[in-house]
Amino acid sequence: MTQKTISTRRLGTVHRWSNTLIPTLRDAPAEAVNPSHRLMIRAGCIRQVGAGIYDYLPLGYRVLNKVAQIVREEMDAAGATELLLPALVPIELYAGTKRDKEYGELLFKLTDRHGREVALGPTHEETVTELVKGSITSYKQLPLNVYQIQTKFRDEFRPRAGLLRGREFVMKDAYSFHLSVEGAGGLNETYDAMYSAYVNVFTRCGLDFTVVEAEAGPIGGSASHEFMVNAETGEDTIMVCPKSGYSANVEKCEIGPRSWSFEADSSVEYIKHHTPNMPGIEAVAEHLNLEPSRMLKSIVFQTADGGPRRWIVAVVRGDHDVNEGKVRDAIGSPVAIADEAEAKAAGFVIGYVSPRVVCTIADTHLVIDPDATTGVWATGADERDHHVTGFVWNRDLDMPLPSEEAPVAERIMVADIRNAMEGDPSPRDASSRLVARRGIEVGHIFKLGTKYAEAFDLSILDPNQKKQILTMGCYGIGVSRTVAASVEMSHDDAGIIWPVPISPYHVVVTVMDPKNTEHTTVADALALSLSEAGIDVLIDDRKERPGVKFKDADLIGIPIRLTIGNKALAEESVEFKRRRDAGKGDLVPIADAPERCLSVLNNGG
RNA sequence: CGGGGCGUGGCGCAGUUUGGUAGCGCGUUUGACUGGGGGUCAAAAGGUCGCAGGUUCAAAUCCUGUCGCCCCGACCA
């Protein structure tokens, strides 16, 4: 008799604590500092192997896989398809886009037995571009969006905070290819689809997050958004307008209109002071006994657009920070901090530069932040070891000054060129002020444009038989970082509190007395019916004291605990407790338990 | 890349100043008692003190070098 095999699928997983590896720790290793790092180690999710290198133990790996699976489903639903790229990438590929230099030390490099140089891929723009170049032959195959979920490598100078900044980490990267930016099949369409997919991913993961406008960064490109998990312990600062909903990375955040003028009391005396070895604002301010906010900070940039070099002196208030991206946007050309030797040769006294250089050094332009206009200032004396006080723009600068009506004068302009700060006017609602919040970047989407396609000459004939360079987008999610971010976002003194969708198990069945067959029988039956409802179950069948099991259950953060003990069994019940509730929970008839679990899990645990 | 700190059983730490045969708590193993929020008692296993060299009769301890790890800053998808 032939036996027919049918495909079956288990809905939920049932594991026994005694059969898996969950080495919980009462104390975290001294070197772990961040909540996610400490708790994930204590909960037996990860172990440190080296700086920025970790083992993923079963518990941690289950969470990682759940996040990855959600990412996968949403990417597939948004029209992207998965593939796998190599971790080992020949160095020539990165040399093609000069990123072997741009990444510099961040790139893990190794030499194989034949002396070839190979990099451990930190990201794969070059690899996919090369792949697509060799495999796409017609514009009819566009648009195309492919992605991979895999380990990436970056030799971070200072890895830290556990999974938040490792040297080896799991990342999803998607790359899209288009004939155009606008229109059907264009970059914008896919970018928007990815944006929605990302919102879905992080919502489904159960995370509290904010989408912010971001700088494109060294990867190149135009528009860019970051997805930030809201957490006090986050490394990134984001600015939010509570009224309009505008939010942006602090590096990108615009500042609303600020009124300004160059009028000031010109009766104050202009005095030169000896300030030996004090190129910094702080020291000078202290020496002259005034606030840094009464000083001007003048940073010398040079244009970096390949054309004839111009000097750009960015002037902000002493307590503010110049934003290079804003300077670039203001003058409409890429800029870089001036080469110190060249700037000195041109006559800049680096460390003691004042706005007056615009009058004395050729090809020099001034960009002034509104907050650095009106008033009487202290600034450099354009002379080594000297500063001046009593600097007044409209008296001490022999050059046409702009006004609010005409913010660009001959070689001087006023523009928003500093980093936003809490309390600054919102750029979207004049009546509102910006608020600063902390976040952890878990996703980033970019419109890359043609940078990589050009570097690899990735072009194709369009319907008009014209050769066209392809336009690209790239979309990353830090999968392992997302896991850590969710712990940063959601934990308490007792341990982790996993969001339901990414929790390693949904229910932990705590068996009070594993030697009591009634206990184990009920536990097994319960686990079975829970798993049939699609619930992942961990049975704590260890011969441990109840206190140990309760503490561990809290530590590893499973959303629901069902306790099986004599007290509840006497009433044909189990004890039901949500992780986020305090106390002992309440009795639920055994037969009703799966229903109850399901309804609580469906409502976010 | 600048500044600081730390390497001693699985984890947390003492011992280093002033050299003298390595200790505590937790955890682990065995037994007994116990049995609903990290229990008690008893017994036991487990460390060439990161590594290498030097000084010394003698080095966890002093000297030199080296490797590793962490924190702050800078930098950074």
Side-chain angles (χ1 to χ4, degrees), chain A residues 21 23-34 37-38 41-42 44 47-54 99 102-107 121-125 152-162 164-167 169-174 214-221 224-228 235-236 249 251 321 324 337 440-446 448 474-482 493-495 510-516 519 540 542-555 561-570 574-575 577 582-585 587:
Chain A
L21 180 65
T24 57
L25 255 32
R26 185 185 289 216
D27 301 305
E31 53 269 14
V33 171
N34 281 254
H37 192 191
R38 294 177 63 83
I41 290 177
R42 284 191 56 209
R47 273 292 169 95
Q48 180 158 1
V49 177
I53 307 173
Y54 293 86
R99 286 217 291 184
E102 274 178 35
Y103 265 113
E105 300 281 277
L106 212 56
L107 204 59
T123 174
H124 287 79
E125 280 81 6
K152 309 232 176 181
F153 303 85
R154 287 185 197 175
D155 194 2
E156 294 284 350
F157 177 74
R158 181 146 104 81
R160 76 190 107 168
L164 285 174
R165 183 173 296 274
R167 294 197 294 170
F169 51 96
V170 178
M171 183 162 170
K172 187 278 312 184
D173 252 333
E215 266 293 323
I219 205 161
S224 166
H225 286 87
E226 285 173 346
F227 292 73
M228 305 282 224
E235 285 189 316
D236 294 302
N249 189 308
E251 277 94 50
D321 291 317
E324 191 175 314
I337 292 279
I440 301 166
E441 179 190 354
V442 289
H444 202 157
I445 56 180
F446 299 87
L448 280 184
C474 85
Y475 320 93
I477 289 180
V479 178
S480 45
R481 182 184 276 186
T482 299
D493 290 344
T510 302
V511 183
M512 293 305 296
D513 182 5
K515 282 182 289 193
N516 181 323
H519 289 199
D540 188 354
R542 295 175 300 166
K543 296 177 180 56
E544 286 289 352
R545 315 202 96 236
V548 174
K549 295 186 172 193
F550 294 150
K551 289 283 186 195
D552 274 349
D554 287 346
L555 179 59
R561 189 183 82 206
L562 295 178
T563 308
I564 296 175
N566 291 332
K567 290 175 189 171
L569 287 180
V574 296
E575 201 174 286
K577 181 188 166 296
K584 308 186 76 172
L587 293 186

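All of these numbers come straight from a predicted model, not from anything done at the bench. Quick note on labels: first sequence line is chain A, next is B, and so on, each numbered from 1.
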Contact class for [X] (heavy atom, under 4.0 Å): base, sugar-phosphate, or nothing?
| X | answer |
| --- | --- |
| A/Gly585 | nothing |
| A/Glu235 | nothing |
| A/Lys567 | base |
| A/Phe227 | nothing |
| A/Asp552 | base |

Without swapping roles, check the side chain of [X] against the backbone of [Y] for a donor-acceptor pair under 3.5 Å.
| X | Y | result |
| --- | --- | --- |
| A/Arg167 | A/Ala51 | yes |
| A/Arg38 | A/Val33 | no |
| A/Lys172 | A/Tyr475 | yes |
| A/Lys549 | A/Val511 | yes |

Measuring only the [atom1] atom in each nucleotide, how far is [N] from [M]? A whole number of Å is fine.
| N | M | atom1 | value |
| --- | --- | --- | --- |
| B/G47 | B/G31 | P | 23 Å |
| B/C26 | B/U64 | C1' | 37 Å |
| B/G73 | B/G37 | C1' | 42 Å |
| B/C51 | B/A45 | C1' | 27 Å |
| B/C49 | B/U21 | C1' | 14 Å |
| B/U28 | B/G46 | C1' | 9 Å |
| B/G9 | B/G65 | P | 25 Å |
| B/U48 | B/A22 | P | 12 Å |

Does [N] pair with anything, Watson-Crick or G-U wobble, both distances under 3.5 Å, and if so, with which nucleotide?
| N | answer |
| --- | --- |
| B/A58 | none |
| B/A42 | B/U30 |
| B/C75 | none |
| B/U16 | none |
| B/G7 | B/C67 |
| B/G37 | none |

*asked:* Salt bridge check, A/Lys515 against A/Asp513: does any charged N sit closer than 4.0 Å to a carboxylate O?
replied: no
Is there a donor and acceptor pair, one atom on the side chain of [X] and one on the base of [N], closer than 3.5 Å?
| X | N | value |
| --- | --- | --- |
| A/Arg160 | B/G73 | no |
| A/Arg545 | B/G39 | yes |
| A/Asp554 | B/G37 | yes |

*Which heavy-atom pair separates A/Arg561 from A/Ala553 by the least distance, and what is that distance?*
CD-CB, 3.9 Å
*Would you name the heavy atoms of A/Arg26 and A/Arg42 that are closest together and state the gap between them?*
O-NE, 3.2 Å
Report, one pair per line, the protein and nucleotides 8-13 of chain B atoms (nitrogen or oxygen only) whose separation is under 3.5 Å.
{"from": "B/C11", "atom 1": "O2'", "to": "A/Asp27", "atom 2": "O", "distance (Å)": "3.1"}
{"from": "B/G12", "atom 1": "OP1", "to": "A/Ala30", "atom 2": "N", "distance (Å)": "2.6"}

Atom pair distance, as rounded to whole Å: [atom1] in [X] and [atom2] in [N]:
| X | N | atom1 | atom2 | answer |
| --- | --- | --- | --- | --- |
| A/Leu164 | B/C70 | CG | C1' | 16 Å |
| A/Lys543 | B/A32 | NZ | C1' | 18 Å |
| A/Arg542 | B/U29 | CZ | P | 12 Å |
| A/Lys584 | B/G37 | NZ | C1' | 9 Å |

*What nucleotide, of B/G36, B/A77, B/A74, holds the atom closest to the side chain of A/Arg154?*
B/A77
*Of the nucleotides B/C76, B/G38, B/A77, which one has an atom closest to the side chain of A/Arg165?*
B/C76
*First encountered from the 5' end of RNA chain B, between A/Asp513 and A/Gly52*: A/Asp513
*Using the closest heavy atom to pick a nucleotide of RNA chain B for each, name whichever of A/Gly565 or A/Glu544 lands nearer the 5' end.*
A/Glu544
*At under 4.0 Å, does any side-chain N or O of A/Arg158 touch on OP1 or OP2 of B/C70?*
no
*asked:* Restricting to ring pair (Phe, Tyr, Trp, His ring centres under 6.0 Å), what partner residues turn up for A/His124, sequence neighbours left out?
replied: none
*Applying the side-chain contact (heavy atoms from CB on, under 4.5 Å) test to A/Thr510, which of A/Val574, A/Thr563, A/Leu562 qualifies?*
A/Thr563
